[in-house]
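Step one of this worksheet: look at the structure below.
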Amino acid sequence: MSHDKLPTDQPAVVTCGLPYANGSLHVGHLRTYVAGDLYSRALRRVGQQTAFVCGSDMHGTPVAVNAAREGVEPREFALEFHEQYRERFPQFNIEFDNYGHTDDETNTELTQEFVESWIDQDHIVEKEIQVAWDAEIEEPLPDRYVEGTCPYCGEKARGDECDEGCQRHLEPGEIENPTSVTTGNPAEYRTREHKFLRLSDFQEYLQGFLDRLEGTENARNQPREWIEGTLEDLCITRDMDWGIDYPGDDREDLVLYVWVDAPIEYVASTKQYAERAADYDWEQVWKVDGEEAHGTSWDDEWTDDSGEIVHIIGRDIIQHHCVFWPAMLRGAGYNEPRSVLATGFVGIDGKALSTSRNRAVWAEEYLDEGFHPDLFRYYIATGSGLENDVDFSWDRFAERVNGELVGNIGNFCYRALLFAQRNYDGTPDADVSDEVHERIEDAVDRFETAVAEYDVRDLGQIAVDLADFGNEYIQRHEPWNLVDDDPEQAAQVIRDCVQLTKACALLMQPVMPEKAAALWAQLDEDGAVDEPELDAALATPPADFGEPAELFTKVESETIEVLNEKLRERVAEASADDEEESDEESDDAVELDALEDGRIGFEQFQDIDMRVGEITAAEPIEDADELVRLEVDIGLETRQVVAGLKQLHDVDELPGTRVILLANMEKAELFGYESNGMVLAAGDEADLLTTHEDAALGTRVR
RNA sequence: AGCGGGAUGGGAUAGCCAGGAGAUUCCGGCGGGCUCAUAACCCGCAGACCGGUGGUUCAAAUCCACCUCCCGCUACCA
């Protein structure tokens with residue numbers, strides 16, 4: 001039996017992967033939450049009863065370790081981040097119906113119920129395994145926190161994997177001379193008894209589950225190897241005291257593995273929401289037609305009798321959501337996820353985001369720049385397909401905001417409403433043309449299809465595409481001429497444009513809720529923009545409304561220059577710190593960019609005008625950490641160039657240096673100085689290119 | 001190593017599951033137009049043998065096989 005198309009009559013829950021209470025949020029995290037928020041709003045838009053829930057992931061070794069390092073209790077440490085997230089999400093218009101955390105009472109109780117259920121159903125086995133311990137402080141160590149020597153290649157290795165040498169996976173106890181990463185104390189392996197969830201009980205069930213699973217393809221395909229191979233038992237306990245106690249075992253310091261209580265927070269958070277929302281039945285969503293149904297098989301009828309569970313996660317945690325989690329649910333007699341949407345990664349300026357290297361754009365930072373959250377939401381949701389990687393760069397951000405939001409949808413709505421208000425005090429009394437009527441219907445259809453197909457990107461794009469049509473339509477009919485020539489026709493065209501604007505407001509609401517509300521208010525519509533059904537896109541707008549305001553503000557290129565510079569400096573600082581710390585591998589371990597695949601023709605090369613020049617003057621630019629203002633004599637003329645050399649060269653020694661100048665580089669303005677050309681230099685150290693003989697100044701470089 | 005994903009005009013991105021006329025859109029380039037609108041908007045042009053090699057088919061960016069290069073996953077970090 002196949003699923004009913006979304007929307008269905010059953011309640012739905014949309015969840016996002018839990019943020020781990022161990023650090024601040026950056027644009028990479030935000031992608032998942034924006035997608036979840038957008039999708040849950042879209043589901044409601046098409047009439048699906050939906051809860052959007054999440055919570056902070058509080059337990060686990062890293063929290064315990066970092067808390068200890070700061071000398072605070074793990075709970076206190078994690079709660080601090082929890083509070084930070086809880087405030088941060090709404091600032092991006094990410095509005096969970098419930099945002100809990102894994103250490104709260106609801107989740108603790110529910111998690112223990114799950115485990116008890118597995119015990120009752122005989123899915124738990126006990127086994128003795130080798131666990132690493134810090135021998136001096138008497139603390140257990142995950143293998144990830146153990147380092148030593150690889151028994152195969154002799155390289156330095158981590159306890160679970162020879163990460164720098166032969167890449168081999170290491171079994172617990174294999175590594176030689178083990179020590180603790182955090183304390184440096186010697187580590188030893190001890191035999192401990194632990195509890196395991198017998199995943200093989202669910203092997204057949206999981207195969208069927210994957211066949212039924214909707215969402216992105218990667219979520220279905222990636223776990224296949226595991227599910228069709230041998231499923232190992234999953235160790236669900238840890239030797240530590242930070243976490244949820246394993247029920248029915250007196251042993252102190254035995255808690256559940258965080259990946260047990262973390263996904264259960266999805267259920268707990270839904271339950272907390274239902275306690276406030278009387279019409280929302282959490283059991284109808286999470287259980288099988290509202291009841292627990294035990295066993296290891298699946299009855300296809302249950303699929304349509306139960307609610308719709310939609311998980312949105314990063315693609316690094318697919319196995320947890322498509323193997324462990326459904327087995328956990330089934331083991332407790334619960335419903336299964338209908339779909340898993342696994343998002344690609346977010347890169348920064350074409351490279352991988354890295355918090356350790358500070359190559360990241362932080363959530364707080366974005367807000368501090370004063371950018372509206374809806375701009376980021378649009379950018380990140382429509383930048384590429386959900387399962388593909390997407391790159392964040394300030395340049396691209398400005399380009400897309402200015403082109404697609406300011407120039408296209410913002411401009412269209414503003415010109416349409418302004419024209420209508422000035423000439424008709426609101427919506428002119430005329431009928432919508434067939435063409436526009438159809439166009440809006442198509443957009444509504446496209447919206448409904450995108451919801452059914454989990455096409456987050458398209459959901460974000462529809463309103464902008466409709467506005468794109470609007471601009472073409474208004475241009476084609478030139479109502480500014482018609483007002484005198486053919487008033488009746490003019491009224492009809494403007495009526496069309498106002499209708500298109502109204503449709504835009506409704507259709508853009510999931511991706512840009514605040515901007516949609518503003519537009520809705522400009523139309524002087526009653527109620528909130530997220531209340532009406534989608535077909536309200538064709539309902540007549542108010543006959544009177546006031547003067548509209550511009551919806552979006554242009555991002556200035558000066559702003560972007562400064563942001564780029566900040567990011568560059570930060571990354572440079574972080575890598576400089578790195579080098580100081582790791583004294584061995586500094587100079588010769590320069591990371592080289594891969595060679596470009598694409599070849600360029602001689603003609604293209606001819607377009608590049610490089611000249612021999614000589615620096616005649618150099619002075620540091622105030623307030624800029626790296627920038628230097630140069631005057632470069634290139635024979636024909638002397639150019640002013642701004643270059644990032646301050647920290648790397650002695651500025652006083654620069655005059656007299658012969659350099660190669662890219663003469664037909666676009667002009668740019670940096671810190672108020674025009675830069676007319678670009679001095680060529682190699683790498684992060686800015687090793688200047690020069691000539692070795694005495695080519696005349698101004699000689700072209702070929 | 002195994003598995004999964006990717007490679008599309010100068011840059012970015014869609015299309016691929018359900019194969020079919022000129023391959024989408026945005027930025028950039030060139031040439032026009034308009035003036036209601038935020039120097040915005042509209043129209044036109046140039047530019048891609050859809051990573052490579054084979055195969056299936058009347059027809060392949062799309063399906064199949066092999067290859068190259070990138071990225072991710074591989075269970076006791078989350």
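Just so it is clear, the model here is predicted, and its values are computed rather than measured. First the proteins, then the strands, lettered A, B, ... as listed; each starts at 1.
Taking the P atoms as reference points, B:C26 lies 16 Å from B:U13, given to the whole Å. Going from the P atom of B:U62 to that of B:U53 covers 12 Å, rounded to whole Å. Rounded to a whole angstrom, the distance from the P atom of B:A60 to that of B:A23 is 15 Å. Between the P atoms of B:C70 and B:C17, the separation comes to 28 Å (whole Å). Nucleotides B:C49 and B:U38 have their P atoms positioned 42 Å apart, rounded to a whole Å. If you take atom P in B:G47 and the same atom in B:U56, they sit 33 Å apart, rounded to whole Å. B:A21 sits 34 Å from B:G32 when the P atoms are compared, rounded to a whole Å.
For A:Trp325 and A:His320, the ring centers sit 6.0 Å or farther from each other. Remark: aromatic rings of A:Tyr473 and A:His477 are close, center separation under 6.0 Å. Ring pair A:Phe202/A:Phe209: centre-to-centre distance not below 6.0 Å.
With rounding to whole Å, A:Gln319 atom CD is found 8 Å from B:A75 atom C1'. Rounding to whole angstrom units, NZ of residue A:Lys351 and C1' of B:C71 are separated by 16 Å. Rounded to an integer number of Å, the gap from A:Ile318 CD1 to B:C71 P is 18 Å.
For B:C77, neither phosphate oxygen OP1 nor OP2 lies less than 4.0 angstrom from any side-chain nitrogen or oxygen of A:Tyr257. Put simply, A:Asn388 has a side-chain N or O that comes within less than 4.0 Å of OP1 or OP2 on B:A14.
Each of A:Arg315 and A:Asn218 has a nearest nucleotide on RNA chain B; the 5'-most of these lies closest to A:Asn218. Nucleotides of RNA chain B nearest to A:Ala262 and A:Glu453 differ in position, and the one nearer the 5' end is that of A:Glu453.
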>> Base contacts versus sugar-phosphate-only contacts with protein, heavy atoms under 4.0 Å: please encode nucleotides 35-42 of chain B as B, S and - from 5' to 3'.
In response: SBBB-SBS
Using a cut-off of under 3.5 Å, enumerate the N/O to N/O pairs linking the protein to nucleotides 62-68 of chain B.
none

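Figure legend: A:Arg238 and A:Tyr257 shown as a cation-pi pair, the cationic atom lying under 6.0 angstrom from the six-membered ring centre and within 45 degrees of its axis.
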> Is there a salt bridge (Lys or Arg N to Asp or Glu O under 4.0 Å) between A:Asp211 and A:Arg220 once you walk through the steps?
Replying inline: CA-CA 8 Å; A:Asp211 290 338; A:Arg220 244 184 328 279; over 6 Å; no
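Side-chain N/O atoms of A:Trp259 and base N/O atoms of B:A78 include a donor-acceptor pair closer than 3.5 Å.
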